[in-house]
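Sequence lines set the chain letters: A, B, ... in the order given, protein chains first and strands last, and positions in each chain run from 1.
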Number of protein chains: 2
Amino acid sequence: MHLSQLELLCEITRVKSFSKAAKLLHLSQPAVSGQMHSLEDFYGVQLFERSSSGVSLTKAGEVVHKYAKEILGLHEALEKEIDTLLEEKNKNLVIGASSTVGNYALPCSIWDYKERYPHVNMKLIVSNADTVLSMLRQDEIHLALLEEEALLGSGEHYSSQQISNDELLVIAPPKKPWIDKSTITLSELKKAPLIIREKGSGILKIFEKIINSLGLTMDELNIMTEMGSIDAIKSTVEAGMGISFCSRLAVRKEIRNGTIHPLVIEGKQVKINYLIICKDEKELNTAARRFIRSMVGPGKTAFC
Amino acid sequence: MHLSQLELLCEITRVKSFSKAAKLLHLSQPAVSGQMHSLEDFYGVQLFERSSSGVSLTKAGEVVHKYAKEILGLHEALEKEIDTLLEEKNKNLVIGASSTVGNYALPCSIWDYKERYPHVNMKLIVSNADTVLSMLRQDEIHLALLEEEALLGSGEHYSSQQISNDELLVIAPPKKPWIDKSTITLSELKKAPLIIREKGSGILKIFEKIINSLGLTMDELNIMTEMGSIDAIKSTVEAGMGISFCSRLAVRKEIRNGTIHPLVIEGKQVKINYLIICKDEKELNTAARRFIRSMVGPGKTAFC
DNA sequence: AACAATTACGCACCACGTAAGGATA
DNA sequence: TATCCTTACGTGGTGCGTAATTGTT
């Protein structure tokens, strides 16, 4: 029996739903269903009461849950104890992240990790997607946290897992003509003064992909200027100098304060998937391997 | 990570050897090696010191071992607690065994099982292999413990796992002309007055297979009589009335006491494999599924 | 030479995701 | 209808056993 099945059971118990747990752990619903069926098969007992409004534990399920927490706790203690025996080379962990991830989309789990494995020397480098990827290629970093699209056309094959996702927004100043709208049409997008991130940015790659999928090229747009940082772009948009685009997470505060107005492209919900990437999972040191496990683990994908 | 990997680690630690643990758990040596490599990979640490005289735990290995015992103990407690919640139909377990297995080759684990799952109503039926197999076919028993050869030519497909093995011996009275020999030649075997088990016996099937593989048929032998029980055969041989054959386990005591003289067929070591058999593993109730797990588990194959 | 672990390789099975299906409010 | 879990199915990865290899006593 896999320990991950117990983790899954705990997560399902927490959120009382197969489908929610599947989302949180980046699995499909049938995969979760199948795992729990095989667990029920293993113990020979039904563990969940299924209903159309979610699931709840049976009596036997509660027994398993009780022990699962203990067992997983013990296993966590095991890893902590091994941690104290690690050699120096296994204690270093250098992570590269794109601006969006590094500045806004870091899951809390990265800090949980520091707490859980205090002996690890962790370093976080924030740059744009292309730069991070080239650092990975040259073994200057162990792991990269990037937008899915950063890998497009890179040719090489990397090993990757999804850690979280978000939505791409068009951002505008909170005034006419934008303030009354919640969507932006293609023709409005073509005319509006647009501020974009520099080449090599992951967010730019996503935006470009969308534009192309809508039958346009970038030079049909009214590109005003190019900026190397999200903060610079936000300030410029807030000052009313143009519109831009970014991850929803990057402008949570500004939207709440009303200093930036969010728009979605008409008829097009744009999803951003964030990945954790390495060259070869087999070659990773202990600290890095643990980091991956803790990032994709249960309940670890909430943002800070 | 699979719990079975922790069980394997504990077993290896106990016997200080990959190959011995492999035998005990009915796995190949490379399978064991591979599992432990993947465990080392999982924790990112070497767990064993390999030497040509076996293996020993590293410091990290001892940590894992310490926790593994706790975790496995906890998991055993889990199953025990679920046990108390079982419905009636899951508490019945009827097992059929061939004479040899039922009377002599029962692993201790069958009694451990009773202790571990005291709520199970276990019933053991001993008969010859064909009878047991037909009871399995008619769902009169849940599981069958038989010689591997019992399945030969049955046509149907069963699900089976090996639980133990033994050696087939020719048994003779402790007097001339046998007392000075440790092997018996083919021509001696043809002439000697032979007592055999009844048709349908698993041991007879094995013996027949061997005879055929040596280029003979049963009717070329000097078959004196046919008997339905091992005890009857043993008494007859002890009384000097002829020779016979059986599993080494069945005559351990008599060999030690010197009342029966064991022989092996010249140039032919005959291995007997004992299996645990069911119609369809998916259809088994909890008690039966647990029984299988406990029978093939670590350190459970020693005889009583 | 003998024994123990590893590597190589072919095969079978298992777990996943996608897509379609059924039950319930 | 919307939501949630289940079933069906094709695919890729993983674990197994057999056989050949390495290394140590």
Distance in angstrom units between B/Q35 CD and C/dA5 P, rounded:
16 Å

Closest-nucleotide ordering on DNA chain C, the 5'-leading residue of B/S33 and A/S28
B/S33

For D/dT6 and A/R50 - does any side-chain N or O of the residue sit under 4.0 Å from the phosphate oxygens OP1/OP2?
yes

Yes or no on ring-ring contact (aromatic ring centres under 6.0 Å, His included) for B/H75 and A/Y43, after CA distance, side-chain angles and deciding distance?
CA-CA 11 Å; B/H75 194 254; A/Y43 291 119; 5.6 Å; yes

Taking the side chain of A/P30 as its heavy atoms from C-beta onward, which of C/dT6, C/dA5, C/dT18 lies nearest to it?
C/dT18

Looking at A/E11 and A/R14, is there a salt bridge between them, counting it only when a charged N and a carboxylate O are closer than 4.0 Å?
yes

Is it true that, when you exclude A/K59 itself, more than 12 heavy atoms of the residues, nucleotides or ligands shown sit nearer than 6.0 Å to its NZ?
no

From the list C/dA25, C/dA5, D/dC5, which nucleotide is the closest neighbour of the side chain of A/S52?
C/dA25

Taking atom types as modelled, is there a side-chain donor on A/E147 or A/S98 under 3.5 Å from an acceptor on the other?
yes

Send over the distance from B/H2 NE2 to C/dC14 P, rounded to a whole Å.
11 Å

Give the rounded distance in Å between these two atoms: CG of A/L27 and P of C/dA15.
13 Å

Restricting to non-hydrogen atoms, name the atom on B/Q29 and the atom on B/S19 that form the minimum distance, rounded to 0.1 Å.
NE2-CB, 2.8 Å

Using atom CD of B/Q29 as one end and atom P of C/dT7 as the other, report the distance to the nearest whole Å.
13 Å

Under 4.0 Å, counting only non-hydrogen atoms across every strand here, what does A/V55 touch: a base, just sugar-phosphate, or nothing?
sugar-phosphate

It should be established whether B/S19 places a side-chain nitrogen or oxygen under 4.0 Å from OP1 or OP2 of nucleotide C/dA5.
yes

Between C/dA23 atom C1' and A/E49 atom CD, what is the distance in whole Å?
16 Å

For A/S38, report the nucleic acid contact type (base, sugar-phosphate, nothing); a contact means any heavy atom under 4.0 Å.
nothing

NA contact type, A/S53, heavy-atom cut-off 4.0 Å: base, sugar-phosphate, or nothing?
nothing

To the nearest Å, how far apart are B/M1 CE and D/dT14 P?
17 Å

Name the closest nucleotide to the B/H37 side chain, picking from C/dC16, C/dT6, D/dC16.
C/dT6

Length of the CG-P vector between B/L24 and C/dA4, whole Å
13 Å

Nearest-nucleotide pick for B/A31, side chain only, options being C/dA4, D/dG17, D/dC5:
D/dG17

To the nearest angstrom, how far is A/Q46 atom CD from D/dC5 atom C1'?
13 Å

